[in-house]
Engineer: 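Let me give you the structure first, and then I'll get to my questions.
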Amino acid sequence: DLPIGVVQELVEAGHLKAIDASSLDGVAYLQPKITLAGREYLAELTSRKKQDEMQTNQSEIRLFISHSSRDSAVVELLVAFLRSALNLPASQIRCTSIDGYRLPAGVNTDEQLRREVHAADAFIGIISSESLKSLYVAFELGARWGAGRPLFPVLLPGTDARILGGPLAGLNALSAGNRAQLHQLVTDLGAILDIRPELPGTYERHIDAIVNLKIPTS
């Protein structure tokens with residue numbers, strides 16, 4: 001029941017003897033006789049392949065959006081906007097308080113966040129009075145800034161850039177309440193992710209929804 005690629009690798013390594021009755025159009029039959037050394041090699045090979053698969057799965061997040069759950073209404077609109085503009089699948093976006101983009105069930109939250117904050121190709125920090133109160137947002141922003149990887153501060157509509165302090169104060173922030181700056185966000189993210197954005201007309205309605213959303217002041 002082994003995949004043919006694994007069998008061939010074992011044969012080439014000298015750990016497996018087989019009768020090869022391949023037809024002209026593919027491998028039709030193999031009768032393997034594995035040695036003890038071959039079994040040990042196979043166990044090591046299987047373990048290595050599982051580790052490689054785990055690393056691949058762990059690094060599949062391309063866009064990480066750090067935010068406060070209290071800002072989920074506008075963040076959900078922002079996710080829909082970016083998916084439409086950049087044609088990103090949900091599996092490549094992490095946004096922990098939005099259904100469909102949450103962490104997998106059963107994972108170690110802190111370990112998974114630490115890994116994804118660093119590994120994601122692009123990182124958006126949603127900046128608001130609420131997000132700056134969140135310890136998790138502070139951790140995620142600090143970890144990303146310290147890693148020296150692409151970090152986009154995005155101000156919630158109605159949030160003044162002067163709210164930014166510390167190292168973040170030196171980063172140019174874009175406003176989610178400004179149409180032109182939302183278009184710039186798409187262009188800048190597209191460059192980082194190596195994605196050609198869709199035509200503006202396909203996602204303009206999402207921009208309307210964001211800039212017209214009434215944000216509670218308290």
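Owing to the predicted nature of the structure, the values given are computational and were not obtained by experimental measurement.
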Engineer: If two hydrophobic side chains count as joined below 4.5 Å and joins carry through other members, does Val79 share a cluster with Leu182?
Structural biologist: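 Yes, it is one cluster - the side chains of Val79 and Leu182 are joined through contacts under 4.5 Å.
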
Engineer: List the steps, then state whether side chain to side chain contact (heavy atoms under 4.5 Å, CB included) holds for Leu88 with Leu82.
Structural biologist: CA-CA 7 Å; Leu88 274 173; Leu82 293 175; 5.6 Å; no

Engineer: Measure the OG-CG distance between Ser175 and Leu156 for me, rounded to the nearest 0.5 Å.
Structural biologist: 8.5 Å

Engineer: Taking only residues two or more places apart in sequence, or in another chain, which ones meet Arg196 in a salt bridge (Lys or Arg N to Asp or Glu O under 4.0 Å)?
Structural biologist: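 With neighbours one apart ignored, the set is empty.
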
Engineer: Indicate, with yes or no, if Ile210 and Leu155 share a hydrophobic cluster defined by side-chain heavy-atom contacts under 4.5 Å among Ile, Leu, Val, Met, Phe, Trp and Tyr.
Structural biologist: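 Leu155 does not cluster with Ile210.
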
Engineer: Under the side-chain hydrogen bond (donor to acceptor under 3.5 Å, both in side chains) rule, collect the residues that match up with Asp110, sequence neighbours excluded.
Structural biologist: Tyr136

Engineer: Can you pull out every salt bridge (Lys or Arg N to Asp or Glu O under 4.0 Å) where at least one residue sits in residues 64-86? Sequence neighbours excluded, please.
Structural biologist: Arg70-Glu130

Engineer: Quick one: does Asn108's side chain have a donor or acceptor within less than 3.5 Å of a partner on Glu111's backbone?
Structural biologist: yes

Engineer: Are Arg144 and Phe64 side-chain neighbours, meaning at least one heavy-atom pair lies under 4.5 Å?
Structural biologist: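 Not touching, per the 4.5 Å side-chain cut-off.
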
Engineer: With rounding to the nearest 0.5 angstrom, report the CD1 to CZ distance, Ile195 to Arg62.
Structural biologist: 5.0 Å

Engineer: Any side-chain heavy atom of Leu103 within less than 4.5 Å of one from Arg94?
Structural biologist: yes

Engineer: Does atom CG of Asn212 have more than 12 heavy-atom neighbours, drawn from other residues, nucleotides or ligands, at distances under 6.0 Å?
Structural biologist: yes

Engineer: Can you find a heavy atom in the side chain of Ile126 that is under 4.5 Å from one in the side chain of Ser68?
Structural biologist: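 No, their side chains stay 4.5 Å or more apart.
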
Engineer: Using a 4.5 Å cut-off on heavy atoms from C-beta on, say whether the side chain of Val154 contacts that of Ile127.
Structural biologist: no

Engineer: Is there a path of hydrophobic side-chain contacts, each under 4.5 Å between heavy atoms of I/L/V/M/F/W/Y residues, joining Ile61 to Leu151?
Structural biologist: no

Engineer: Less than 4.5 Å apart, any side-chain heavy atom of Ile124 and any of Leu63?
Structural biologist: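 The answer is yes; the side chains approach within 4.5 Å.
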
Engineer: If you apply the rule side-chain hydrogen bond (donor to acceptor under 3.5 Å, both in side chains), what do you find for Ser97 with His67, and how did you get there?
Structural biologist: CA-CA 8 Å; Ser97 71; His67 63 290; 2.6 Å; yes

Engineer: Do Val137 and Leu171 belong together in a cluster built from hydrophobic side chains that touch within less than 4.5 Å?
Structural biologist: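 Yes, because Val137 and Leu171 connect within a single hydrophobic cluster, where side-chain heavy atoms sit under 4.5 Å apart.
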
Engineer: Less than 4.5 Å apart, any side-chain heavy atom of Glu140 and any of Val117?
Structural biologist: yes

Engineer: Of all residues at least two apart in sequence or in a different chain, which pass the salt bridge (Lys or Arg N to Asp or Glu O under 4.0 Å) check with Arg205?
Structural biologist: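 Per chain and number, Arg205 pairs via salt bridge (Lys or Arg N to Asp or Glu O under 4.0 Å) with no residue.
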
Engineer: Test Glu116 against Gln112 for side-chain hydrogen bond (donor to acceptor under 3.5 Å, both in side chains), laying out the working first.
Structural biologist: CA-CA 6 Å; Glu116 292 181 351; Gln112 188 83 0; 2.9 Å; yes

Engineer: For Tyr203, what residues pass the ring pair (Phe, Tyr, Trp, His ring centres under 6.0 Å) criterion, not counting sequence neighbours?
Structural biologist: Phe81, His183

Engineer: Check the hydrophobic clustering (I, L, V, M, F, W, Y; side-chain heavy atoms under 4.5 Å; chains of links allowed) and say if Phe123 and Phe152 are grouped together.
Structural biologist: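 No, Phe123 does not connect to Phe152 through the hydrophobic network.
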
Engineer: Restricting to non-hydrogen atoms, name the atom on Val211 and the atom on Arg179 that form the minimum distance, rounded to 0.1 Å.
Structural biologist: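 That closest heavy-atom pairing would be CG2-NH2, 3.8 Å.
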
Engineer: Salt bridge (Lys or Arg N to Asp or Glu O under 4.0 Å) with Glu198: which residues, sequence neighbours excluded?
Structural biologist: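 Glu198 satisfies salt bridge (Lys or Arg N to Asp or Glu O under 4.0 Å) with no residue once adjacent residues are dropped.
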
Engineer: Taking the side chain as everything from C-beta on, heavy atoms only, tell me whether Gln184 gets closer than 4.5 Å to Asp188.
Structural biologist: yes

